[in-house]
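What follows is a short report on a single structure.
The chain is numbered in sequence order, starting from 1. No experiment lies behind these values; they were computed from the predicted model shown.
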Amino acid sequence: MTAPTPSPSTARPGPRVAVIGAGFGGLGTAVSLLRAGIDDLVVLERAEEVGGVWRDNTYPGAACDVPSALYSWSFAPNPEWPRRYPAQPVILDYIRRVAHDTGVLDKVRTGVDVVAAAYDESSATWTLRTAAGEEITADVVVSAVGQLSNPVVPDLPGRESFSGPMFHSAQWRHDVPLAGKRVAVVGTGASAIQFVPGIVDEVGAMTVFQRSAPYIVPKPDRAYTGLHHRLFRRWPVTQRFGRSLTWVLSERLNGAITGDGRVARPLKAAFKVAWRAQLRRQVPDPALRRALRPDYPLGCKRILFSNDWYPALARPHVDVVTERVSAVEPAGVRTADGRLHEADVLIWGTGFAATEFLAGIDVRGAGGVPLHEVWADGAHAHLGITVPGFPNLFCVYGPNTNLGGSSILGMTEAQAGWIAQVVRGIADGRARAVAASPDVAAAFDREMQDRLADSAWTGCVSWYREGGGGRITTNWPGFVAEYQQRTAEVDWSELEEHAVAAAAEPAVSGR
């Protein structure tokens, strides 16, 4: 039986809620909380504006690889998308507009970097400490810091000795001129396949260091016309149809990656045909084609969509190096074969610390237990949301909620709705402080790892796995529809209420 959910107009004031992070996940959660009548709410953002990864990643060519109809909040369709696959500035504008229109922007405090969170059992509250030394008290804390928010730069010998400009793709230096420069790019992941084509015509020479080749399939992008926009505005059902169709196709992709035999074989075969055809058509050099062939099963790493990655690498002034990078020197990058690849600018396209959930925040739950110790062997949480021993701490885009296909917003909206139900229950007196019971959480984690053992993700080393090759801590092993069903209604029997401990009495000295 779920907690009652009064309408916002009749609900009494709820508990104090602090949401950490003002990206899609944090803002979407704030909208759900407001709709549930929870108004005592603050969203804490370490940067100076909202937007999350779409604020940070401003590199040339930055765009989404999920169609706009699906990569948007279900409660805020946008009939004005200029393209099927939106670019970074357009997505950021959308986030800002929806945050303003829903009233959530008024709840955001920017420039607030949360570095610690401690639970007080005597008051059933959390105290957040910021980098500036401020303390913020909340009854409920929602972590929405994301899985792709902390860039990773390899700790290579001599890394700091490079004499030219050096930066990560998520911290793009727009003040660094690239015209005519020799540019070294380390990494060939989802960001690199966008920014390399974005700068290839500008640079004088480029060396791309590839550890493993990605599967690249055509991106069916197109510009939306004025007719599309008029249709979407006048008959919203036309845009909803596009969203539904994309949803169905993306769910098939999820099923293929996670081992659903009904769709895995034919869909994987179709993707392989598309990849091979594009590689052969766009890369005429046989030696380069061989270097660009992945050496792992399709779906083990993220499948990437691009129409211009292969042509960029086939340019005469671009060199693809598959030797392992061994060191960085003042003049360039040295590989394991002893060769020095000279460069004027070094760009890291090396991804993010996806498995280091809540990295940079010292979280301590009941009894002062550090969360990083609980997660020493890999992060885990019931439904990816709640951890035993950490009452009223909830995660959005937490462990085992990432996808190999589809839009992550389908997952984060489900999490936001579940959290809003729990907070509404707390507001209505059903409980004061809750977290998943240990038995329920352990059973859920066993289920996740058992199901993930049959997925394509076990076939190689990737950022989906702890330490690159350990347990899979990032991804959900099923369809988005299944996750939405399991989070649609809170099962309060899975939650354990934490009693408020009696405060210790102060010592009294005698005369």
Side-chain angles (χ1 to χ4, degrees), residues 20 25 114-119 126 141-152 154-155 257-259 296 300-302 350-404 408 411 415 434-478 483 486-487 494-496 498:
I20 307 173
V114 177
V115 296
Y119 183 70
W126 285 88
V141 173
V142 179
S143 168
V145 297
Q147 294 186 17
L148 305 176
S149 56
N150 292 311
V152 167
D155 187 17
I257 294 171
T258 55
Y296 53 86
C300 181
K301 297 184 181 182
R302 185 174 173 182
T350 44
F352 302 85
T355 61
E356 297 179 12
F357 296 86
L358 278 79
I361 305 178
D362 179 17
V363 181
R364 295 176 182 265
V369 175
L371 183 60
H372 78 268
E373 289 186 5
V374 175
W375 284 354
D377 296 325
H380 49 88
H382 180 54
L383 299 174
I385 301 174
T386 171
V387 182
F390 292 80
N392 289 5
L393 173 69
F394 305 115
C395 297
V396 172
Y397 200 8
N400 295 119
T401 62
N402 186 55
L403 300 170
I408 192 60
M411 301 290 283
Q415 294 150 29
V434 295
S437 72
D439 290 345
V440 166
F444 181 81
D445 186 51
R446 285 194 300 271
E447 177 197 348
M448 293 297 98
Q449 296 308 311
D450 287 347
R451 292 173 61 181
L452 287 164
D454 295 327
S455 71
W457 299 312
T458 60
C460 64
V461 173
S462 75
W463 63 264
Y464 295 140
R465 307 179 69 176
E466 186 70 22
R471 57 180 271 142
I472 299 172
T473 56
T474 58
N475 289 7
W476 169 248
Y483 186 83
R486 292 177 71 161
T487 54
E494 296 179 342
L495 302 179
E496 180 177 79
H498 283 246

Find the distance between [atom1] ([X]) and [atom2] ([Y]) and round it off to the nearest 0.5 Å.
X	Y	atom1	atom2	value
Thr487	Gln415	OG1	CD	7.5 Å
Leu393	Tyr119	CG	OH	11.0 Å
Cys395	Ile385	SG	CD1	8.5 Å
Ser455	Met448	OG	CE	11.5 Å
Ile361	Leu371	CD1	CG	10.0 Å
Asp439	Glu494	CG	CD	11.5 Å

Shortest non-hydrogen contact from [X] toward [Y]:
X	Y	result
Ser462	Cys300	OG-O, 4.1 Å
Gly25	Ala144	C-CB, 4.0 Å
Thr473	Phe357	O-CZ, 3.6 Å
Gly478	Arg451	CA-NH2, 3.7 Å
Asn402	Asn475	ND2-OD1, 2.9 Å
His498	Gly389	CE1-CA, 3.9 Å

When you compare the side chain of [Y] with that of [X], does any pair of heavy atoms fall below 4.5 Å?
X	Y	result
Val141	Trp126	yes
Trp375	Val387	yes
Leu452	Thr458	no
Thr350	Pro154	yes

Looking at [X] and [Y], would you say the former's side chain and the latter's main chain have a donor-acceptor pair under 3.5 Å?
X	Y	result
Arg465	Cys460	yes
Thr474	Asn400	no
Tyr464	Arg471	no
Ser437	Leu495	no
Gln147	Gly398	yes

- request: If the plane angle is over 60° it's perpendicular, under 30° parallel, otherwise tilted; pick one for Phe444 and His382.
  value: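 Ring orientation of Phe444 relative to His382: perpendicular.
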- prompt: Cation over ring, Arg302 on Trp457, under 6.0 Å and within 45°?
  reply: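 Cation-pi check for Arg302 and Trp457: fails.
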